[in-house]
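In what follows, every chain begins at residue 1, and chains take the letters A, B, ... in the order their sequences are listed.
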Amino acid sequence: MKNNRIRNVLKGLSFTSAMFIFQACYGTPQDFGYDRLVEGQVTSETTGLPIKGIKVSVAGDNSYYVTTDDEGKFLMYSEKFENLVVGFEDIDGAENGSFRDLFKTVEDISESVYLEIALKDKL
Amino acid sequence: MISLKKYAFRQFKKIETRAHELNYLFWECTTRCNLNCIHCGSDCAKDSTFNDMPLNDFLKAIDTIEGKAPNFTIVFTGGEPLLRNDLEQCGKELRRRGFRWSMVSNGHLYNNERHYSLLNAGMGALTISLDGLEASHNWMRNNSNSFQKVLNAIELAASSKRLNFDVVTCVNQKNINELRQIKDLLLAKNVKAWRLFTIIPIGRAANNPDLQLTDKQFVELMDFIAEQRKSKDIDVKFSCEGYVGKYESLVRDSSFFCRAGINIGSVLIDGSISACPNIDRSFAQGNIYTDNFYEVWQNKFQPFRNRNWTKTGQCKSCREYKDCQGNGFHNWHGNKQNVLVCHHQKIEKGSA
Ligand code: SF4
Ligand code: SF4
């Protein structure tokens, strides 16, 4: 505590804003955490069972995607947008069942969010 | 009389050294490489006889860390980290434990698919090396396709808003006159940060005169960086590699402070515990396979935290010693009787 105060005073006196921001010559810049964790599970609304193979992506950028595993679970890091829209799409046809796509807006902007998603059967 | 600024910075360094808070850890996760750069061997012990370090071995070591610092970053280095196909899994495990992670890459294998899978796995910072325009980059990298591939990688990385991305350039005889064009190229690719460094004359680099800058060229480099920093169109800086005397406030955001063993640690390919991978391997302070990593960090590292042993050779009676402290730790190799490079002296001679 006291050390931190002294540290900050000295930092101020030596007129530099970058005292705690450094990188070794052969290293990278520091990661300041501009991303957030989006994870969760996708199940069938009808049976309650997990669905494998659902494409989970951040809408607006189709390149960011993962697919759900055997337990219907997914995990990805995305940009820290407000009102992030996460898409859930059945991309494997009849394999693992057929479900309607769903797009969910995430208002919560905390470091990590857990989404429980129930997909409706395709008519 | 020294200025208040200098005095405050010296005191600040003392406090930082006493606290020695680990917040930047290199992981030399592989020594395999897909290129055969002409300066290889100068910055780390590249030896492909080592197997990649299993993720679990590394996790066991870092699980010993107590009271983790905020923004703790683990830097994947090599060899070429992208040769590991479990990098994404490694990254996710680190994030799950509350560590952030980043990577240094030659960019050769950095394609669209890998870019997104690494971002999805929580990569937050990235450094890619570009060593010149096409001919000089390919010369350095010893590969005729390297330039094209690295440009694609740079374009991809620069397109991401969440990635703290920079390009590093190793300045040498072949590219010193291309720096302006390299800068234009980086601006055209939307790169926001560019770091320039020079090479340590060890390994293959010691015998290649094309890789070393003359004293005059080194001053040219300092002038170039100082001038470009005024325009603010790209965040250009000199790397942390050494104390540059009168250029200190002109070429970097903060004054010279080699944080090796003070904030920077490493786990090297054979399990050695040290600091930056370019440091002489005889400085290893322990090994994760026989020692508790965090105990070593907390209780060892004396040569890093008390640099008085560097008061030898030309540093012994140097008037700049209090601000330089024997230059970057990586400048002490072999018998350690003298500093390998004194940037300050290069500047004095080159400006004469
Ligand atoms: S002689 Fe040593 S202490 Fe003095 S400026 Fe050069 S490297 Fe630094
Ligand atoms: S050892 Fe070298 S690369 Fe590492 S922090 Fe010191 S000056 Fe920078």
Engineer: Counting only heavy atoms from other residues, nucleotides and ligands, does the tally under 6.0 Å from NZ of B:K322 exceed 12?
Structural biologist: no

Engineer: Where do A:E111 and B:R100 land on the salt bridge (Lys or Arg N to Asp or Glu O under 4.0 Å) test, with the steps shown first?
Structural biologist: CA-CA 13 Å; A:E111 283 293 301; B:R100 303 201 160 273; 3.7 Å; yes

Engineer: Measuring from atom CD of A:Q30 to atom CG of B:N23, what distance do you get when rounded to the nearest 0.5 angstrom?
Structural biologist: 5.5 Å

Engineer: Which answer fits B:S105, side chain, backbone, both or neither, if we ask what part of it has an atom under 4.5 Å from a heavy atom of chain A?
Structural biologist: neither

Engineer: Tell me, for B:V75 versus chain A, whether the close heavy atoms (under 4.5 Å) come from the side chain, the backbone, both or neither.
Structural biologist: side chain

Engineer: Using non-hydrogen atoms only, which part of B:L126 is less than 4.5 Å away from chain A: side chain, backbone, both, or neither?
Structural biologist: backbone

Engineer: Side chain, backbone, both or neither: which part of B:R252 has a heavy atom under 4.5 Å from chain A?
Structural biologist: neither

Engineer: Atom OH of A:Y65 and atom OG of B:S117: how far apart are they, to the nearest 0.5 Å?
Structural biologist: 11.0 Å

Engineer: Is any side-chain heavy atom of A:D31 closer than 4.5 Å to one of B:M123?
Structural biologist: no

Engineer: Spell out the residues in residues 67-77 of chain A that have some non-hydrogen atom less than 4.5 Å away from a non-hydrogen atom of chain B, in order of number; otherwise answer 'none'.
Structural biologist: A:L75, A:M76, A:Y77

Engineer: Looking at B:R95, B:K92, B:M103, which makes the most heavy-atom pairs under 4.5 Å with chain A?
Structural biologist: B:R95

Engineer: Strictly distance-based, threshold 3.5 Å: is any side-chain N or O of B:N164 a donor or acceptor partner for the main-chain N or O of A:P29?
Structural biologist: no

Engineer: Any chance you could lay out the salt bridge (Lys or Arg N to Asp or Glu O under 4.0 Å) test for A:D35 and B:K161, step after step, and finish with the verdict?
Structural biologist: CA-CA 10 Å; A:D35 64 3; B:K161 286 196 196 77; over 6 Å; no

Engineer: Side chains of B:T127 and A:T28: do they bring a donor and an acceptor to under 3.5 Å?
Structural biologist: no

